[in-house]
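A, B, ... follow the sequence lines: proteins, then strands. Residue 1 opens every chain. We use all heavy atoms of the structure for the numbers below, so side chains are in, but hydrogens, waters and symmetry mates are not.
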Amino acid sequence: PVAGCTSVIGYIPGAPPPALAVRSSPGSRQIQLWHFILELLQKEEFRHVIAWQQGEYGEFVIKDPDEVARLWGRRKCKPQMNYDKLSRALRYYYNKRILHKTKGKRFTYKFDFSHLLLLLWDPRSLCRPPGMPSQRL
DNA sequence: GACGGAATTT
DNA sequence: AAATTCCGTC
């Protein structure tokens with residue numbers, strides 16, 4: 001809960017682990033891919049398309065890459081979206097330490113929640129002078 | 001499939 | 001800045 005932050009992450013009590021809820025603040029800019037991924041992961045209706053992997057915390061499997069790409073393309077109004085392009089966007093998250101690949105496991109990635117939470121709850125934002133923008137994801 | 005450079009788009 | 005598009009390489 002950082003003032004001026006675009007994203008809000010919260011723990012869902014009682015939900016099966018790993019449980020994280022993300023929503024975008026109203027009037028915020030365009031949805032980001034990792035928001036969208038977490039959004040799908042949250043909803044039971046997409047369990048057959050994308051789902052958390054039991055065992056490794058934050059690890060998820062894209063069970064239907066074509067469908068995830070189609071849903072992402074629909075959200076962004078990019079009808080030409082496919083898994084090749086979507087996965088390139090996911091690969092850009094490696095350097096940002098938002099995601100990394102689970103090597104050897106097909107269509108399997110893992111959220112770096114420890115780093116993500118540090119980015120979102122940046123302590124610097126708590127002692128930020130007025131007018132100075134917070135770090136945005 | 002997975003990776004990452006490069007040019008381009010929004 | 002965060003993808004999107006395209007593509008050569010392994």
Side-chain angles (χ1 to χ4, degrees):
Chain A
V2 175
C5 194
T6 319
S7 312
V8 178
I9 283 190
Y11 178 66
I12 305 174
L20 280 172
V22 174
R23 62 178 171 80
S24 293
S25 306
S28 66
R29 61 200 203 300
Q30 269 237 304
I31 183 152
Q32 258 151 283
L33 179 55
W34 68 271
H35 289 187
F36 181 75
I37 296 290
L38 285 175
E39 193 178 291
L40 293 182
L41 251 8
Q42 260 173 241
K43 297 174 182 175
E44 191 147 357
E45 49 190 300
F46 298 108
R47 279 276 163 76
H48 293 88
V49 171
I50 187 170
W52 292 116
Q53 188 82 300
Q54 68 283 20
E56 278 295 305
Y57 197 89
E59 193 173 88
F60 64 95
V61 190
I62 298 173
K63 295 179 179 177
D64 189 343
D66 293 339
E67 180 62 5
V68 173
R70 196 191 65 78
L71 292 164
W72 175 235
R74 192 186 63 176
R75 175 66 67 88
K76 288 287 292 289
C77 302
K78 294 281 178 184
Q80 307 309 310
M81 184 50 59
N82 57 34
Y83 181 68
D84 180 55
K85 295 171 188 174
L86 186 148
S87 61
R88 182 68 189 95
L90 292 180
R91 268 175 253 133
Y92 271 125
Y93 287 146
Y94 298 171
N95 289 336
K96 295 181 180 179
R97 295 189 58 192
I98 290 172
L99 281 183
H100 63 79
K101 188 76 182 67
T102 302
K103 287 165 189 174
K105 289 186 182 177
R106 214 162 171 247
F107 307 125
T108 304
Y109 301 82
K110 188 175 171 177
F111 273 100
D112 189 346
F113 283 133
S114 55
H115 193 256
L116 209 45
L117 290 167
L118 281 173
L119 285 176
L120 291 171
W121 278 304
D122 188 346
R124 286 172 299 177
S125 66
L126 298 174
C127 49
R128 162 167 37 88
M132 185 187 174
S134 63
Q135 180 161 12
R136 284 172 179 260
L137 283 174

Undergrad: Considering only residues two or more places apart or on different chains, which pairs with a residue in residues 62-73 of chain A satisfy salt bridge (charged side-chain N to carboxylate O under 4.0 Å, His left out)?
TA: A:E67-A:R70
Undergrad: Tell me which pairs pass salt bridge (charged side-chain N to carboxylate O under 4.0 Å, His left out) where either residue lies in residues 73-86 of chain A, with sequence neighbours left out.
TA: A:E39-A:R75
Undergrad: Within 45 degrees of the ring normal and closer than 6.0 Å to the centroid, is that where the cationic atom of A:R88 sits relative to A:Y92?
TA: yes
Undergrad: Looking at A:W34, I'd like to know whether one of its side-chain N or O atoms comes within less than 4.0 Å of OP1 or OP2 on C:dA2.
TA: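 A:W34 to C:dA2 OP1/OP2: no side-chain N or O under 4.0 Å.
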Undergrad: Just to verify, what does A:F46 make a ring-ring contact (aromatic ring centres under 6.0 Å, His included) with, not counting sequence neighbours?
TA: none
Undergrad: At 4.0 Å (heavy atoms only), tell me whether A:K101 reaches a base, stays on the sugar-phosphate, or touches nothing.
TA: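 It contacts sugar-phosphate atoms only.
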Undergrad: Measure the shortest side-chain to side-chain distance between A:W34 and A:F111 over non-hydrogen atoms and say whether it is less than 4.5 angstrom.
TA: yes
Undergrad: Regarding A:Y93, tell me which of base, sugar-phosphate or nothing describes its non-hydrogen contacts under 4.0 Å with the strands shown.
TA: sugar-phosphate
Undergrad: All N/O contacts under 3.5 Å from nucleotides 6-10 of chain C to the protein, with atom names and distances to one decimal?
TA:
none

Undergrad: Please give me every residue in residues 75-82 of chain A whose heavy atoms get under 4.0 Å of an atom in DNA chain C, ordered by residue number.
TA: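 Listed by number, they are A:K76, A:K78, A:M81.
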Undergrad: Quick one: list whatever passes salt bridge (Lys or Arg N to Asp or Glu O under 4.0 Å) with A:K110, sequence neighbours left out.
TA: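 If we apply the salt bridge (Lys or Arg N to Asp or Glu O under 4.0 Å) test to A:K110, skipping adjacent residues, the hits are A:E56.
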Undergrad: Answer with base, sugar-phosphate or nothing: what part of the nucleic acid does A:L33 contact at a heavy-atom distance below 4.0 Å?
TA: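 Sugar-phosphate contact only.
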